Every structure is written in structure tokens, then in C-alpha cells.
Amino acid sequence: MPHTPLCFVGRSFTNMSNQEYPFGSIESKWQKQWQKEKLFQVNPNGENPYYCLMMFPYPSAALHVGHGRNYIMGDVLVRYKMMKGFDVLSPMGFDAFGLPAENAAIKNNIHPMTYTQQNIKHMKDQLLSWGVGYDWDREVVSCDPSYYKWTQWLFIQMYKKGLAFKKKAEVNWCISCATVLANEQVVDKKCERCDSDVELKNLDQWFFKITDYADRLINDLDHLEHWPERVKTMQVNWIGRSKGTCIDFKIDDSEKSLSVFTTRPDTLYGVTYLVLSPEHPWINSLTEKESTHSEVMDFLKDVQKEDPEKRSSGDLPKKGIFTGRYVIHPLTSEKIPLWIANYVLMDYGTGAVMAVPAHDTRDFAFASAYDLPIKVVIQPPNTSLSSTTLDEAYIEEGVMVNSEDCDGLPNKKASKQITKKLISLGKGSTQINYRLRDWLISRQRYWGAPIPMIKCDSCGYVPVPEEDLPVRLPETVAFKGKGESPLAKVESFLHTSCPQCQKPAKREIDTMDTFVDSSWYFLRYLSPSNDEKIFDSELVNKWLPVDKYVGGIEHAILHLLYARFITKVIYDIGLIDFQEPFNHLFTQGMIVKDGAKMSKSKGNVVNPNLLIQKYGADTQRLYILFMGPPERDVEWNDDGILGAHRFLKRVWTLAKDEEPLIQKILKTHRNALDDIFEDISLTSTDKKIRKKVHQTIQKVSQSMDPKMSFNTAISACMELVNDLYLYDQKDNKLRGPIFTEAMLSLIKLLAPIVPHLSEELWQSWGYNESVFKSSWPTFSKDLTIDDEIELVIQVNGKLKSKIMVPAGLSDKELEEFALQDSRIISYINDKPIRRVIIVKGKLVNIVI
RNA sequence: GCGAAAGUGGCGAAACUGGUAGACGCACUAGACUUAGGAUCUAGCGCCUUCGGGUGUGUGGGUUCGAAUCCCACCUUUCGCACCA
């Protein structure tokens with residue numbers, strides 16, 4: 001049975017054609033045109049500023065479709081905002097220092113600068129062929145002396161404020177990268193970059209005092225409403241602030257006191273033993289005269305054999321030993337045994353803890369294993385705990401018992417009272433501990449910004465005078481040296497004179513972590529070639545904080561924490577008037593193939609250029625955006641791209657078939673299409689199409705920003721195109737204007753997503769200026785409202801019938817319609833109606 | 001172990017504050033046009049069905065007239081934290 005719709009006539013029965021869609025020539029034409037007319041050049045004095053920023057990339061030669069997703073999403077947003085009338089700042093640059101270039105130098109005997117420049121060129125070509133545009137006049141490249149001059153300047157400002165300092169410390173050393181790493185760059189004891197083992201070395205290194213900013217970095221997260229919660233949580237966890245009390249326990253038969261850190265001073269009366277970390281420096285002196293000494297030493301050796309990774313992650317069974325010594329409880333003066341156990345870590349707090357088995361899970365496990373006493377000091381609200389029947393630690397809130405004058409108090413109050421008492425007795429103090437460590441920024445590698453310091457034998461470390469910046473990287477260097485910066489071997493670089501006493505002195509040979517470069521680049525885009533200042537404060541204050549920052553979740557704590565820190569430092573220096581650099585953070589998902597992240601080594605990379613050749617950049621853009629929600633990871637499907645291409649061909653064919661018609665209408669009604677509709681009455685089919693057009697405008701506009709829900713925006717456009725294919729009425733005078741309105745709107749809605757095709761069609765209709773200089777379509781609310789609605793009728797909550805009724809009926813009228821429906825009558829079948837629920841304009845539910 | 005997010009057809013996914021589950025696309029099926037088509041157009045497409053309907057959003061409960069959506073428990077996956085005192 002052929003399907004013959006009443007008023008819709010399928011285009012295949014009439015004048016369908018199969019227009020060729022010459023994407024190749026269209027795309028290169030518009031890519032050149034946009035460059036020529038500098039479409040993305042922003043007016044820095046624009047009145048409606050919008051700063052859209054992509055995380056600046058390390059210049060890599062081989063980009064795959066997964067990278068494309070990132071830049072394409074940013075590009076869509078930029079083009080959309082332009083059409084919405086914003087002055088959009090969309091710059092791009094390169095995080096161009098870093099190890100891959102230096103490793104390439106070692107391996108292939110190519111200079112890092114050459115290698116980097118080649119990659120930058122390559123990457124720009126790739127971005128261009130995706131149709132992704134930037135204000136390239138603002139490009140910043142971090143390995144350029146005109147940029148790193150200011151990275152060095154920033155270092156010196158930090159040095160002057162005491163925020164950059166050198167110290168000897170246990171630091172992470174990546175064997176493969178042959179350099180030290182910051183804590184943030186070590187994940188599960190492996191190098192975040194190359195995944196090889198990291199070992200500890202005791203070295204003299206430069207640090208940034210990020211710990212001074214720990215509180216501000218936590219507190220200001222509250223102001224970042226438009227950041228994903230999980231990124232904020234990760235930062236909070238990373239900083240790891242915990243507020244507590246330091247309590248001194250005098251050691252029995254000694255003048256010394258042991259200090260412990262606890263967040264639960266309320267449990268002080270429940271302490272039944274104290275525990276030292278096996279690395280605690282006092283162990284030897286405390287036990288050497290005890291009979292336990294040799295046993296203790298054996299125990300320490302055993303612990304040393306344990307896997308440090310497992311030990312700090314709690315995977316090992318708890319082991320311990322009694323020292324033979326006692327400490328004195330600061331409030332009760334009781335004698336308390338002093339133990340050593342593998343579950344206490346030396347690098348957090350004081351390396352000693354007070355053990356309260358009744359109210360701490362770990363202490364409970366240990367006390368149970370070693371048969372140590374348990375003393376309950378907090379009672380839960382309803383039951384009553386006893387030390388003999390307790391089968392797990394009670395760590396919740398409750399009321400104090402066995403705690404002298406604190407008895408009867410809620411434990412939170414007791415915390416405060418006990419801390420106060422300890423302070424007044426001189427046996428304690430409040431303290432805040434952080435997990436965050438200072439940021440180690442020295443790198444023993446060549447390809448980075450030299451640390452601008454000079455070491456003089458008589459003056460110590462002296463900063464390079466600002467007028468001597470930049471300290472340039474020497475060009476001729478032997479890269480092979482491992483374990484020490486290659487700069488150590490460059491005599492001409494190394495030897496200089498002390499800026500203070502003029503005596504011969506030596507330059508610092510380490511370079512800076514590349515994360516320093518990327519901590520401030522977003523400020524430089526406003527005045528990229530300024531040689532007088534790090535940036536133009538007035539412009540920066542006008543354009544920042546960044547309105548939308550798009551990047552990967554992998555920077556949740558690295559780059560994003562450092563950039564926030566450096567921004568605060570720059571604020572403190574007085575150069576900017578904001579403390580948080582990025583208002584809205586958007587973390588996009590990856591494209592995965594065969595369940596894994598695309599990578600050369602896995603051989604699952606999808607090459608964008610082949611697809612551009614075969615289907616065009618617009619097809620690739622459309623498909624990438626259509627795949628799924630932008631914040632989620634999506635699986636690449638080779639067949640999916642066909643559907644995207646098919647859709648664009650349908651749009652193209654529709655437009656080309658009707659081109660003369662559209663041109664004719666626009667010739668007479670260029671600016672006032674609406675007038676045509678004013679005095680005429682439309683058929684219901686015409687109305688439906690107009691309604692669809694306006695609903696589509698509404699849907700797409702709502703999807704673009706801030707949701708960036710491009711997948712649903714595209715599906716709305718697809719629906720409209722499907723309807724337009726079925727809309728073909730030769731004899732209807734109104735067909736032209738309605739169709740023209742539809743196509744004009746459609747092309748504008750699609751423009752940010754498939755810019756080349758849209759621009760080409762736009763021009764073919766006689767517009768001389770770019771579609772991106774035109775305004776985003778608006779919808780009329782009235783036209784999106786139906787005059788007839790489909791009323792859903794349920795019986796007992798289950799769908800039983802649907803009928804068409806006029807819009808705007810009262811509840812009573814809706815009920816009447818529902819009860820008259822024959823299907824419903826047979827359902828109800830004379831049963832008594834208990835209730836009728838009506839959802840206006842939608843649904844009637846009859847309860848029987 | 002703790003915390004967060006997610007779980008919907010063969011597949012990618014839609015579904016705004018609870019109100020028609022599966023829009024849109026892929027794959028598949030049928031038809032049309034074709035010398036042909038991996039082109040194009042039209043239609044069908046969760047599962048079961050005795051063609052009336054029944055059933056269905058990880059599992060099991062609950063709240064509600066009504067649950068993919070809210071609550072409780074559990075399972076799976078991903079991510080983050082993990083003996084931090």
C-alpha cells in the first residue's frame with residue numbers, strides 16, 4: 001500500500017534533483033576568504049566583550065579527530081557569539097616549551113626550535129582545514145623570547161615577594177625524563193607525562209610558594225559557580241586542608257615532649273596509646289637504653305622492606321611494636337604506652353599520632369590486633385557503647401563521657417573546650433595542615449625558560465636585572481647530557497658577572513616547568529607584542545575573567561590550579577583587579593575508538609585529513625558535534641559520518657533546487673520578510689512549517705549557550721529539513737516566502753556548525769557580507785504555540801488514547817473531550833470514576 | 001573502603017520543573033527511481049502478541065493518579081580520593 005499523505009507531497013514525486021555538493025572548493029574558498037577579511041579579528045575596544053579561550057596546546061604534529069572535537073566546539077561557540085552580537089576574543093597560541101621537542105632533538109638531531117616551529121606550522125594548517133578560526137594576530141608562543149622574557153619577569157617578581165625560593169628537599173625524579181617533577185605531576189608514583197617510575201632524590205631546587213595561597217585557592221572555589229563540581233572537588237582534595245590541634249605529650253623520664261596532630265581533640269580522654277611513624281627521628285634515642293631496643297630495630301628493618309606505595313595506601317596489615325617508653329597524658333597525667341606502627345606516616349602532621357581505638361577505625365584495628373585497651377568517650381544518641389562489646393570504632397557525633405568536665409557536652413563543643421584548655425596550659429595549639437606541597441619549578445632540561453637567577457660566591461643568589469631580560473637560551477647546545485641541564489655545558493651561557501658586586505658569577509642552569517609558561521598566557525593575548533609590560537592591565541581588566549574556558553579534564557589540578565595561583569599572585573602585585581581567571585570552565589570529553597583513547601601506539605587514530613578529503617570539513621564538524629553530549633566521552637563510528645554527509649547533501653540540494661525562488665523573494669523583501677505574512681491567512685500546512693521553523697530557532701538557540709548541547713541543536717535542524725522535504729505546494733502563493741524564511745533561518749542556525757556550506761549558500765542568495773556578520777535569527781513566541789494540541793488520555797496512569805483538540809481549553813472542557821472518546825468509554829465501561837487529573841494543554845488521567 | 005557521575009532498542013543517543021519513553025542519526029527491512037549503485041527519495045523499525053492488547057529506561061522495593069526522572073537498598077562501569085590522624 002503506497003503511503004500518500006494528504007497535504008505533504010514527497011519531493012521525489014515532483015521536482016527532486018540530486019545536486020552535487022562541491023565541498024572541496026567551497027571549503028578552501030571560504031577558508032581563504034575568512035583569513036583575507038580577518039573575520040576573527042576582534043576590536044579590543046568593543047562594547048560587548050566575550051572572551052572564549054581554548055587551553056593552548058602543545059604543538060603536536062599529528063592531530064586526530066579527538067583533538068578536532070575540542071577546537072571545533074570552541075569555534076562553534078565563537079561563531080555563535082559573533083552572530084549574537086558579541087565582540088568575541090578568540091585567540092590561539094602554543095605551549096611550545098617541553099620535553100617532546102627536546103627528545104626529538106636527541107633522537108633525530110633536529111633543533112627543538114626547528115622541530116617546534118614545524119609542528120606549529122603543521123598544526124595551524126590542520127586548524128585551518130577544519131575551518132577553525134582565531135585572531136592569529138594575537139598568537140603567543142611560549143618558547144619565543146618575547147614571551148618568556150615575561151615568564152622570567154614574573155619569576156623575578158615572585159622572588160622579590162619571597163614566593164620563589166630555593167631549598168634542598170626530597171623531590172620526585174623521573175628517570176626517563178631525567179628531571180625533577182612537581183607533586184602534581186606524579187600520579188601513583190609514576191610520571192604523569194611518560195608513565196615511568198619516579199624516585200626520590202634529595203636536591204636543591206627552586207619552588208613557588210603555592211602553599212601560602214592554599215586557603216585562598218580553596219575558598220575562592222566557592223565563587224566559581226560555573227565550574228564543574230568534580231573539578232572543584234578534585235582541587236579541594238588536592239589541597240587537602242585539615243584543621244586540628246597539636247597536642248604535646250610529655251615523655252616519661254625525659255624533658256622532651258612529643259607533639260601529635262589531631263582533628264579530633266574531643267577524643268583526647270579516650271587516648272590509650274601513642275604511635276610513632278617508623279621513620280620518626282627520635283626512635284633510636286628513645287629506645288637505645290631499653291630492653292626492647294634490638295626488637296625495635298628489627299621491626300624498623302621489616303617495615304623498610306615493605307612496598308612504600310602499598311604502605312601509604314593502606315593495603316598492608318597493620319604492624320607495630322611497643323617501645324618500652326611511656327608518655328604523660330596532658331590532662332589526666334596518666335601514663336600512656338608509646339608504640340611504633342607502620343600505619344603512621346612521617347610526611348604528614350608530626351609523624352606521631354594519639355590513638356583513640358574507640359573512635360578511630362585504624363586505631364581500633366590496631367588495638368584489636370595487639371590487645372590494647374579501648375576507652376569509649378563519645379556516646380551515640382540512642383544506644384550506649386561499651387568498650388568490651390564494641391565491634392567497630394564509633395566515629396560519628398555524640399555526647400561526651402569519661403571526659404572529666406566535658407561530660408555531657410556534644411563532642412563538637414568538647415573539641416573547642418579541650419583545645420582551649422590545652423592552649424591555656426601551654427600544652428597545645430590549633431594548627432591547619434595541608435596536603436598541598438610547594439610547587440617545584442626547576443627542570444634539568446634545555447627546552448624551557450631559563451630561571452633568571454645568578455649565583456655569586458659573595459652575594460648568593462641575585463636576580464637578573466629586569467632590563468637584561470630575557471635570559472636567552474643559547475642555540476648551540478649538546479643535548480645528550482642526562483641528569484643535569486644541558487645548559488651546564490654551555491660556557492658562554494654559564495659565566496656572567498654578579499649584578500650586585502660585578503664579580504664573576506654563574507647563571508642558574510635549570511629551566512622552568514612549562515606549567516609556569518601556561519599559568520599566565522591568557523593575559524598576554526590582550527597585548528601579545530607589548531615589549532614594555534607583561535600585559536596591558538586596562539585591556540586585561542576589561543576582557544577578563546575569561547567568559548568560557550574550554551579544555552580537557554586532565555588539567556583539573558595541574559594547569560588549572562597553577563593558573564589560579566599565578567593569577568592571585570598577579571592580583572597581589574596589583575596588576576589586575578580580579579582574582580579568578582576563568583569564569584566558566586567547560587571540560588570536554590574525549591573521542592575514543594575501540595574503547596580506548598586515540599593514540600599512535602594503540603593504532604586507533606582516526607586521521608581527519610582523509611575524512612576532509614572524502615566528505616569535507618563541514619561533514620566532519622557536523623558528525624563530531626552530533627556524536628553525543630560535548631562533556632562526555634564518545635565512541636567514534638566510521639559509518640556515522642555518512643549520515644552527517646547525507647544531511648549536508650540534503651540541505652545543499654534543498655537550497656540549490658530552490659535557489660531561483662529564494663533569490664526572487666529576497667530581491668523584493670530583503671529586510672522585511674515578515675511583512676509578507678502579515679495580511680494573509682495561511683493553510684494549516686503552511687502554519688505547520690512556520691511553526692516548525694520558529695520552534696527550531698527556539699530549540700537551537702537554547703541548546704547553544706550555555707549548554708553547548710550541539711547534538712540536540714543538530715537534531716532539531718535535521719527535523720526541520722525532514723519537514724521541508726515533505727513541504728512542496730506548487731499552487732500555493734505563500735510557498736516562496738515561507739520556504740525562504742525557513743531556509744534563511746536554517747542556514748543561520750547551521751552556520752556556526754557548518755560554516756563553509758552556510759557561507760556559500762548565504763552568498764548565493766545575494767548577501768555580500770559574511771553570514772557571521774549577520775544576526776542570529778529570532779523566533780516569535782506566538783508562532784511556536786500550537787493552535788491545536790494532541791490530548792493524551794490516560795486511564796489509571798496508562799496511555800489509552802490520543803485525540804486532537806483546540807488549544808486553550810479549560811480543564812472542564814478537556815475532561816469532557818476525554819470522556820467522550822469512544823476508546824475511553826469502552827475502557828471505563830460504566831465503572832465509577834474516582835478522580836480525574838488534568839494537566840493543562842497536555843493530558844487527562846482518569847482514575848477508576 | 002570513601003565520594004562523584006553514569007547505566008534507556010542491534011548501535012550513538014533524546015526526553016525542560018515527575019505527565020505520550022526511544023526525538024535525531026547509524027545499521028537493518030520494504031518500496032520507488034534506476035543498465036547499475038555503497039547515489040537519491042518514501043515508508044517501516046524496543047520486546048512479546050491469539051493484532052484486542054500486554055510489556056518495557058541496570059535489579060528489587062517505595063512515594064504518587066502518574067516515575068527514565070523523586071526516595072531506600074543492591075549490582076555494574078568510569079572517574080576522583082585513599083592508613084592525611
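Note that the structure is predicted; figures quoted are calculated from it, not measured.
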Mind checking the [atom1] distance from [N] to [M]? Whole angstroms is fine.
N: U20(B); M: G66(B); atom1: C1'; value: 12 Å
N: C51(B); M: G37(B); atom1: P; value: 38 Å
N: C71(B); M: U63(B); atom1: C1'; value: 7 Å

Does [X] reach a base, just sugar-phosphate, or nothing at all? Heavy atoms under 4.0 Å.
X: Lys800(A); answer: sugar-phosphate
X: Glu790(A); answer: base
X: Glu719(A); answer: sugar-phosphate
X: Val275(A); answer: nothing
X: Asn433(A); answer: nothing
X: Thr233(A); answer: nothing
X: Asn845(A); answer: base
X: Gly349(A); answer: nothing

[N] phosphate, OP1 or OP2: any side-chain N/O from [X] under 4.0 angstrom?
X: Asn722(A); N: G25(B); value: yes
X: Lys798(A); N: G66(B); value: no
X: Ser715(A); N: A13(B); value: no
X: Arg646(A); N: A27(B); value: yes
X: Arg650(A); N: G25(B); value: no

(request) Answer syn or anti for G9(B), where the cut-off is 90° from 0 on the glycosidic torsion. (result) syn
(message) Below 30° counts as parallel, above 60° as perpendicular, anything between as tilted: where do the rings of Tyr727(A) and Phe739(A) land?
(response) parallel
(request) Evaluate the ring planes of Phe366(A) and Tyr343(A), with Trp represented by its six-membered ring, and classify them as parallel (under 30°), tilted (30 to 60°) or perpendicular (over 60°). (result) tilted
(message) Using a strict threshold of under 4.0 Å (side-chain N to carboxylate O), is an ion pair present between Asp360(A) and Arg264(A)?
(response) no
(message) Closer than 4.0 angstrom, basic N to acidic O: yes or no for Arg241(A) and Asp215(A)?
(response) yes
